[in-house]
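Presented below is the structure to which this report refers.
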Amino acid sequence: MSTLVTLGEAMAVVAATEPGPLGPGAPLRLAFAGAEATVAIGVSRLGHRASWTGRVGADSAGTMILDGLRGEGVDVTRARVDASEPTGLMLRERRTPDRTRVTYYRRGLAGARLSPEDVDPDLVAGAAVLHITGITPALGEAPRAAVRRAVEIARDAGVPVTLDLNYRSLLWSREEAAAELAELVAHADIVFAGPDEAALLVPEAKPAAMAVALLELGPREAVLKLGARGALTATPGAVHVQDAVPVTLVEPIGAGDAFVAGYLAGLLDGEPVAHRLRLAATCGAFAVSVPGDWEGLPRRSELDLLQGDDVTR
């Protein structure tokens, strides 16, 4: 059985490689993305088994996604090719050097058709960790039911559940998100959030207070992702702080998912919170130093590269 199990949406990405409006002849890069898929790749690159469940279309984009995940060592045997709808698409425009504009084509398409029937009870019950995000339940009733089903199976089997709130305002209102995410938080063991996402559920303004307040909703750990300010984890009776790892920023896309992948890999390693935070921050730094959502995620042999001088072989 796989160590980490996750489920969600993955889509093709067409991304501008240079700043400016999209137009004929604009340089573009074709790739794929998805929060849960990125976490699975990150955990796999750090030496743990990972499985991704989702739907893609019977098209070239779907083939690219499944082949790409397989190539990264992620188990996709429970993924489904949906012949009735195409794979979703993300169009990413670098309108200015520091402003990215994203357009999604996803509603009703293959990834948004994930259902409870796609959830393999044996796979989830045999996992070391079930990881979910707030993106999947925002896609519609069927994906929401799939997430709830996976969480129910995990809880019954004693499998830890980790949740990244990952609020997306284009998919649902703050009120609808808060109601659903509060229920998921109550059933999660570890919760990840940025300050704006945590504010959906708790009134405190300071990150440490937010994390402590999240603990009161049910999880045993609450992790606040603070970007360039680092991160912190609240556990009963303690708050653990981690500075950001210095790195040259190339593209901020995927940093949060890379952070989560590092934290969960540390959890699977059996390491304490302080080590997990350091590994998470390191993975986030690697991610933002390379274009793409997941392409910069480190392998375990590379983790020391950001801590010392250049390495020549």
Check: With the threshold set at 4.0 Å, does a side-chain nitrogen-carboxylate oxygen contact exist between R113 and E9?
Finding: no
Notebook entry, point to check: Under a single-linkage definition using a 4.5 Å side-chain heavy-atom cutoff for Ile, Leu, Val, Met, Phe, Trp and Tyr, are L165 and V151 assigned to the same hydrophobic cluster?
Noted result: yes
Next item on the list: Before accepting this row, confirm whether a basic side-chain N of the pair E302/R299 lies closer than 4.0 Å to the acidic partner's carboxylate O.
Entry: no
Notebook entry, point to check: Hey, are R106 and E85 close enough for a salt bridge, meaning a charged N less than 4.0 Å from a carboxylate O?
Noted result: no
Next item on the list: Decide yes or no for R148 and E180: does some side-chain heavy atom of the first lie under 4.5 Å from some side-chain heavy atom of the second?
Entry: yes
Margin query: Whether R149 and D118 form a salt bridge (side-chain N of Lys/Arg under 4.0 Å from carboxylate O of Asp/Glu) is what I want to check.
Written below: no
Checklist line | Spacing of C283 atom SG and L297 atom CG [to the nearest 0.5 Å] | finding: 7.0 Å
Next item on the list: Determine yes or no for a side-chain-to-main-chain donor-acceptor pair under 3.5 angstrom, with T38 supplying the side chain and G34 the backbone.
Entry: yes
Note to self: Just verifying a value: how many Å separate R78 CZ and D120 CG, rounded to the nearest 0.5 Å?
What the structure shows: 5.0 Å
Notebook entry, point to check: Where do R92 and V14 land on the side chain to side chain contact (heavy atoms under 4.5 Å, CB included) test, with the steps shown first?
Noted result: CA-CA 6 Å; R92 188 179 290 151; V14 175; over 6 Å; no
Check: Would a hydrophobic clustering, with Ile, Leu, Val, Met, Phe, Trp and Tyr connected at side-chain separations under 4.5 Å, put V13 with I65?
Finding: no
Next item on the list: Take L279 and E271 through the side chain to side chain contact (heavy atoms under 4.5 Å, CB included) test and state the conclusion after the steps.
Entry: CA-CA 10 Å; L279 181 56; E271 296 289 352; over 6 Å; no
Item checked: side chain to side chain contact (heavy atoms under 4.5 Å, CB included) between L66 and W52, intermediate numbers included -> CA-CA 10 Å; L66 295 183; W52 178 83; 4.1 Å; yes
Item checked: Common cluster, L170/I253, ILVMFWY with side-chain heavy-atom separation under 4.5 Å -> no
Item checked: Side-chain heavy atoms of V39 within contact of T6, under 4.5 Å -> no
Checklist line | Salt bridge D164-K225, side-chain N to carboxylate O under 4.0 Å | finding: yes
Check: Would you call R29 and E18 a salt bridge, using N to O less than 4.0 angstrom?
Finding: no
Margin query: When you compare the side chains of D269 and H275, does any donor N or O come within less than 3.5 Å of an acceptor on the partner?
Written below: no
Margin query: Check whether Y105 reaches the backbone of L91 with its side chain - one donor and one acceptor, N or O, closer than 3.5 Å.
Written below: no
Item checked: Heavy-atom pair with the smallest gap, counting every atom of A150 and V124 -> O-CG1, 3.5 Å
Check: How far apart are the closest heavy atoms of A211 and A222, and which atoms are they?
Finding: O-CB, 3.4 Å
Notebook entry, point to check: Does a side-chain heavy-atom distance below 4.5 Å link L171 with L139?
Noted result: yes
Checklist line | Shared hydrophobic cluster, M11 / V76 (ILVMFWY, side-chain heavy atoms < 4.5 Å) | finding: no
Margin query: Would you call the rings of H131 and F192 parallel, tilted or perpendicular, taking 30° and 60° as the class edges?
Written below: perpendicular
Check: Between A213 and V202, which heavy-atom pair has the shortest distance, and what is it?
Finding: CB-CG1, 3.6 Å
Next item on the list: For E117 and R80, run salt bridge (Lys or Arg N to Asp or Glu O under 4.0 Å): C-alpha distance rounded to whole Å, both residues' side-chain angles, the deciding distance at 0.1 Å, then the answer.
Entry: CA-CA 11 Å; E117 290 71 33; R80 179 173 174 180; over 6 Å; no
Check: Quick one: are V129 and T3 in side-chain contact, heavy atoms under 4.5 Å?
Finding: no
Next item on the list: Mind checking the CD1-CG spacing from I41 to L69? Nearest 0.5 Å is all I need.
Entry: 5.0 Å
Check: Got a second to check how far M90's CE is from F32's CZ, nearest 0.5 Å?
Finding: 12.0 Å
Next item on the list: State the CG-CG distance between L7 and L130, to the nearest 0.5 angstrom.
Entry: 6.5 Å
Notebook entry, point to check: Are the side chains of P219 and I190 in touch, meaning some heavy atoms are under 4.5 Å apart?
Noted result: no
Next item on the list: Flag the pair L109 / Y104 as yes when at least one side-chain heavy-atom distance between them is below 4.5 Å, and no otherwise.
Entry: no
Next item on the list: Examine distances only and state if a side-chain atom of R95 and a backbone atom of R101 form a donor-acceptor pair shorter than 3.5 Å.
Entry: no
Note to self: Using side chain to side chain contact (heavy atoms under 4.5 Å, CB included), reason through V223 and V191 one step at a time and then give a plain yes or no.
What the structure shows: CA-CA 6 Å; V223 187; V191 172; over 6 Å; no
Item checked: Distance-minimising heavy-atom pair for R229 and P195 -> NH2-CG, 4.2 Å
Margin query: Is there a side-chain contact between D196 and Y167 in this structure, where contact means two heavy atoms from C-beta onward sitting under 4.5 Å apart?
Written below: no
Note to self: Ignoring hydrogens, what is the shortest heavy-atom contact between A265 and H48? Give both atom names and the distance.
What the structure shows: O-NE2, 3.5 Å
Notebook entry, point to check: Looking at NE2 of H187 and CG of L217, how far apart are the two atoms once the value is rounded to the nearest 0.5 Å?
Noted result: 12.0 Å
Note to self: Between E93 and R99, does any side-chain N to carboxylate O distance fall below 4.0 Å?
What the structure shows: no
Item checked: Residues forming a side chain to side chain contact (heavy atoms under 4.5 Å, CB included) with A35, sequence neighbours excluded -> T133, I135, N166, D257
Checklist line | Side chain to side chain, S51 and V74, heavy atoms closer than 4.5 Å | finding: no
For residues 230-250, dump all side-chain donor-acceptor pairs below 3.5 Å to protein atoms at least two apart in sequence or in another chain.
residue, atom, partner, partner atom, Å
T233, OG1, Y263, OH, 3.4
T235, OG1, H240, NE2, 3.2

Item checked: Shortest non-hydrogen contact between D189 and R155, atoms and distance -> OD2-NH1, 3.2 Å
Margin query: Just to verify, what does R45 make a side chain to side chain donor-acceptor pair (under 3.5 Å) with, not counting sequence neighbours?
Written below: E72
Notebook entry, point to check: If only atom types and distance count, is the side chain of T136 paired as donor or acceptor with the main-chain N or O of I132 below 3.5 Å?
Noted result: no
Check: Going hydrophobic residue to hydrophobic residue with side-chain gaps under 4.5 angstrom, can you get from V260 over to W294?
Finding: no
